[in-house]
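Down below is the structure, laid out as C-alpha cells.
Naming: A, B, ... by sequence-line order, numbering from 1 per chain.
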Number of protein chains: 2
Amino acid sequence: MVTIRDVAKHAGVSVGTVSRVVSKNLTVSSKMRAAVEAAILELGYKPNLIARSLRNAKSNIIALIVPDIANPHFSQLALHIETVASRFGLMVVVANTHGDVEVERKQIATLSTLTPTGFLIIPAGSNPTGNQTGNIRTVAVDRPYGDHPLVSADHYAGGRLAAAHLIGLGHRRIAYLSGPEELSVAHNRKEGFLSVFDEARQNGKPDLSVPELIAGGFDYALDAETLTKLLLKPICQRPTAIATSNDQQAIGLMRLARDHGVSVPRDLTVIGFDDVPLASLTIPRLTTIAQPVQAIAERAVITLLDTESTNSSILQPVLKQRETSLTVSGWLV
Amino acid sequence: MVTIRDVAKHAGVSVGTVSRVVSKNLTVSSKMRAAVEAAILELGYKPNLIARSLRNAKSNIIALIVPDIANPHFSQLALHIETVASRFGLMVVVANTHGDVEVERKQIATLSTLTPTGFLIIPAGSNPTGNQTGNIRTVAVDRPYGDHPLVSADHYAGGRLAAAHLIGLGHRRIAYLSGPEELSVAHNRKEGFLSVFDEARQNGKPDLSVPELIAGGFDYALDAETLTKLLLKPICQRPTAIATSNDQQAIGLMRLARDHGVSVPRDLTVIGFDDVPLASLTIPRLTTIAQPVQAIAERAVITLLDTESTNSSILQPVLKQRETSLTVSGWLV
DNA sequence: GTGAAAGCGCTAACAG
DNA sequence: CTGTTAGCGCTTTCAC
C-alpha cells in the first residue's frame with residue numbers, strides 16, 4: 001500500500017504538504033502542488049479512507065437502513081441513493097431490518113461504529129423507537145423516524161389521488177386493501193383515500209358508501225381468504241373497484257382475481273401505489289400512484305449533507321392511469 | 001464517544017486488557033474480565049470499527065459490486081448476502097456499475113480505500129477486465145471475474161433444463177431470446193439450451209430444427225420489432241415456444257405477446273430464467289429455471305471468508321413448471 | 001507557505 | 001496474566 005509518506009518522500013516534501021494538496025486545501029504553492037500531483041500519479045496513491053475517517057471522526061459512508069432491499073420499491077430507492085451518494089464521493093452501506101424494530105436497533109448500533117456521515121433510514125415500524133442514532137446526522141425516508149427530517153412522497157395526497165380517480169370513473173362500491181396499520185405510510189395512504197369519501201358525502205354525494213377496508217400486509221402475500229370472499233360476492237354487492245396500498249398488493253390481488261375468474265379491469269378495477277418498474281408490464285398494465293423515487297433519493301442525500309437543515313421534504317405523487325382502471329360498466333351496478 | 005481508555009480507567013485496568021476481552025482473546029483472568037465487562041456495559045462502550053480497521057489494515061466490510069441493485073434477481077442476492085454477512089459481523093457496502101466496465105473499475109478503486117475484507121463482484125461485462133482488486137480477497141458471483149473463485153448457478157445446465165422441458169412438451173419450432181452475448185451468463189445459458197438440440201438431432205430426432213435466435217438485452221426492454229415480426233408469422237411457421245434468458249425478458253415477452261393477441265400459453269409457451277419472486281404471480285404464472293439464490297449468497301460469503309480456498313462453487317438450478325408452458329397443441333403444428 | 005509532531009482509537013508486541 | 005507503548009495513515013495545529 002502506498003501511503004502519504006511515500007508520496008511525500010517521492011516528491012521531496014513533507015507529509016503535511018501532501019495532505020494539503022490531497023484535501024484540496026489551497027495554501028500550497030503551485031510548484032509544490034505540481035510536484036506532489038506528479039508523485040501521486042506516478043505512485044498511484046489513493047488516500048486511505050479508513051485512516052482519514054479515524055482522524056476526522058467521520059467516514060465517507062452513508063448508512064442506509066431498509067426493511068428489505070429485495071422490495072422493488074426500496075431497491076429502486078437504494079439504486080438512486082447510491083448513485084447520488086457516489087456523485088458526492090460517498091459510499092453506501094446497506095442493512096436490512098426485515099421489518100423488525102429490534103434488528104433495526106442492532107443494525108444502527110453496529111453501523112454507528114463506522115462513524116458514518118449519516119443515516120438514511122426507512123424505519124421498520126412505528127414511530128416510538130425513534131432515536132437510536134445518537135448525534136449522527138439522520139434523515140428518515142418514506143416514513144418519519146423520531147423527529148429527524150423526513151423525505152418522502154405525500155402518501156396522504158397519493159391516497160386522495162387514488163380515491164378521486166376511482167370516484168371519477170363512476171365507481172361507487174369500492175374496497176380498500178390497507179397495509180399494516182402501524183406503518184405510517186400505510187396509515188396515511190388509507191386516511192387520504194378515505195378523506196375523499198368523507199368530503200364527497202358531505203358535499204351531496206350520499207350514494208358513495210364508505211369503502212370496505214381489508215387489512216393486509218405490505219408484500220405479495222395477502223389475506224386471501226377475506227379477499228376471496230369479497231370477490232365471490234354476488235355481482236351487485238361486490239366492489240367494482242379495489243384500491244391497494246402498494247403495487248405488490250395490487251399484483252397479488254390481480255393474481256387472486258384471476259384465480260377466481262374475476263376479470264380485471266372488466267369486472268374489477270384495481271389501482272396500486274408506488275409505480276415499481278414492473279407495474280407497466282403486468283397484464284393488464286397496472287394503474288397506480290407513482291412516487292417520484294429519483295427525486296426522493298436525491299433530496300434525501302442532499303438533506304443528509306445539509307447538516308443545518310431541519311426541514312422535511314414532502315414530494316407529490318402522481319397518478320399513472322394504465323389499463324387496470326375503467327369506467328364502471330352499467331351491468332356491475 | 002466512549003473509548004477503550006474510558007473503559008480501562010473505569011474498570012481500573014489497562015487498555016491492553018480491555019482490548020483483549022473485547023477481541024475475545026482468552027488470556028485474561030476471569031475477575032478482570034468481569035470488571036471489564038461490567039465497565040463496558042455501564043459505559044455502553046462499542047469498539048470503533050474504523051480504528052480497529054486502521055490498525056488491522058482490514059475492515060469488517062464486504063464490498064458488493066452489482067450492475068444494478070434494482071434488478072430483482074440482484075436485489076434478492078444482495079438481501080441474502082447482507083443477511084449472511086451480518087451473521088459473521090460483516091457489513092456490506094453496495095456499489096452499482098450500471099453495467100459499465102469503466103465505472104466498475106472506478107468503484108473498485110474507490111472501495112479499495114476502505115480496505116474491505118473482500119470484494120463480492122457481479123461483473124459488469126466480459127472477462128478481460130479481470131483484476132482490479134489487487135490483493136484484496138475477491139469472489140465472483142454469477143459470472144466469472146478474472147481467475148477469482150466463482151460462485152454461481154450452473155447456467156449451462158439451466159439452459160439444458162429449459163430445452164429439455166420444451167422438447168419434452170412436444171415443441172418443435174422453438175425460438176430463443178438470448179441475452180447480451182458478451183455476458184458469460186447469457187452465453188452459457190444459450191449454449192446449454194442449444195446443446196440439447198444438437199444432441200437430440202444426432203440421436204435421431206431430425207425433426208427438431210435449430211432454435212431461432214433473437215438477440216436481446218437483459219432487462220425488460222427487448223427487441224420489440226423482431227419479436228413482433230416473429231409473433232405475427234403465420235401459425236404454421238410461428239414458434240410454439242420461446243425460451244428467454246431471464247425472467248424480465250419473459251415478462252416483457254408475455255406483455256408483447258398479449259399486445260399482439262397471442263395467448264400464453266395456449267398459442268405460445270414461454271419459459272424464463274432466475275425465478276424472481278414475482279414469477280409466481282404473473283398472469284399466467286411463469287414457468288422458469290430457478291436459481292438457488294440463497295445458497296449462492298451463503299456460499300459466496302463463505303468462500304470469501306475462507307481465504308485459502310480457491311475453489312469455485314457451481315450450484316444446480318431447477319425447473320419450476322408453472323402455467324406458461326404447455327404441451328404443444330395439435331393445431332399449432 | 002511549509003515542516004514537524006501530536007494524536008484519532010485500537011491492537012500487538014514486549015517486558016515484567 | 002497484565003501493563004506499557006509503538007504505530008496503523010491521516011489531518012491539523014503550531015512554529016518557523
Side-chain angles (χ1 to χ4, degrees), chain A residues 1-37 39-40 43-61 89 110-117 134-136, chain B residues 1-37 39-40 43-61 89 110-117 134-136:
Chain A
M1 167 177 262
V2 27
T3 80
I4 206 171
R5 306 187 91 88
D6 302 324
V7 177
K9 195 171 299 176
H10 196 87
V13 301
S14 74
V15 293
T17 305
V18 177
S19 174
R20 279 185 276 261
V21 353
V22 168
S23 30
K24 311 280 178 246
N25 204 313
L26 302 167
T27 65
V28 181
S29 72
S30 52
K31 57 188 64 171
M32 292 218 131
R33 155 164 282 124
V36 170
E37 276 165 351
I40 288 177
L43 269 45
Y45 167 73
K46 277 267 182 185
N48 179 317
L49 279 198
I50 295 286
R52 184 176 278 179
S53 302
L54 176 58
R55 174 62 226 228
N56 296 340
K58 170 179 290 198
S59 66
N60 278 247
I61 288 178
T110 310
L111 293 190
S112 294
T113 64
L114 278 182
T115 56
T117 292
N135 44 19
I136 300 176
Chain B
M1 168 176 263
V2 27
T3 79
I4 205 172
R5 307 187 90 90
D6 302 323
V7 178
K9 193 170 300 175
H10 196 89
V13 302
S14 75
V15 292
T17 305
V18 177
S19 175
R20 279 185 277 262
V21 354
V22 168
S23 30
K24 313 279 178 245
N25 203 316
L26 302 167
T27 64
V28 181
S29 72
S30 51
K31 56 187 64 168
M32 291 219 132
R33 155 164 282 124
V36 170
E37 277 164 351
I40 288 178
L43 269 45
Y45 167 74
K46 276 266 181 186
N48 179 317
L49 279 197
I50 295 286
R52 187 177 274 180
S53 301
L54 177 58
R55 174 63 227 225
N56 296 340
K58 169 178 292 196
S59 65
N60 278 247
I61 289 178
T110 310
L111 293 191
S112 293
T113 64
L114 279 182
T115 55
T117 292
N135 43 21
I136 300 176

> Roughly how far, to the nearest 0.5 Å, is CG of A:L54 from CG of B:L49?
Replying inline: 11.5 Å
> Base, sugar-phosphate alone, or nothing: which one does A:S19 contact when heavy atoms must sit under 4.0 Å apart?
Replying inline: base
> Who are the side chain to side chain contact (heavy atoms under 4.5 Å, CB included) partners of B:K46, not counting sequence neighbours?
Replying inline: A:A109, A:T113
Less than 3.5 Å apart, which donor and acceptor atoms pair up between the side chains of residues 11-22 of chain A and the rest of the protein, not counting sequence neighbours?
| unit_1 | atom_1 | unit_2 | atom_2 | d |
| --- | --- | --- | --- | --- |
| A:S14 | OG | A:G16 | N | 3.4 |
| A:S14 | OG | A:T17 | N | 3.3 |
| A:S14 | OG | A:T17 | OG1 | 3.2 |

>> Do B:R5 and B:K9 have side chains that approach each other closer than 4.5 Å (heavy atoms only, starting at C-beta)?
In response: no
>> What is the first contacted nucleotide of DNA chain D and what is the last, in 5' to 3' order, if contact means an atom lying under 4.0 angstrom from a heavy atom of chain A?
In response: D:dG9 to D:dT13
>> Can a donor-acceptor pair be found, under 3.5 Å and without considering hydrogens, that links the side chain of B:N56 to the backbone of B:S53?
In response: no
> Which distance, rounded to the nearest 0.5 Å, do you find between the OG1 of B:T115 and the CD1 of B:I61?
Replying inline: 7.5 Å
> Is there a donor-acceptor pair closer than 3.5 Å between any side-chain N or O of B:N48 and the backbone N or O of B:I50?
Replying inline: yes
>> Let me check the geometry of the helix from C:dG1-D:dC16 to C:dG16-D:dC1. What is the bend angle between the axes at its two ends, five pairs each, to 10°?
In response: 50°
> For B:S23 and C:dC10, is the shortest distance between a side-chain N/O and OP1 or OP2 below 4.0 Å?
Replying inline: no
> What is the nucleic acid contact for B:T27, judged by heavy atoms within less than 4.0 Å: base, sugar-phosphate only, or nothing?
Replying inline: base
> In whole angstroms, how far is the P atom of C:dG9 from the CG atom of A:L114?
Replying inline: 15 Å
>> Any non-hydrogen side-chain atom of A:Y45 less than 4.5 Å from a side-chain atom of A:D6?
In response: no
>> Please give me every residue in residues 9-16 of chain B whose heavy atoms get under 4.0 Å of an atom in DNA chain C, ordered by residue number.
In response: B:G16
> Side-chain contact, heavy-atom cut-off 4.5 Å: B:K58 with B:I136?
Replying inline: no
>> Can you tell me whether the side chain of A:R20 and the base of C:dG3 have a donor-acceptor pair closer than 3.5 Å?
In response: yes
>> I need the residues from residues 48-61 of chain B with at least one non-hydrogen atom less than 4.0 Å from DNA chain D; give them sorted by number, or say none.
In response: B:L54, B:R55
>> Classify A:V22 by what it touches in the nucleic acid, base, sugar-phosphate, or nothing, heavy-atom distance under 4.0 Å.
In response: nothing
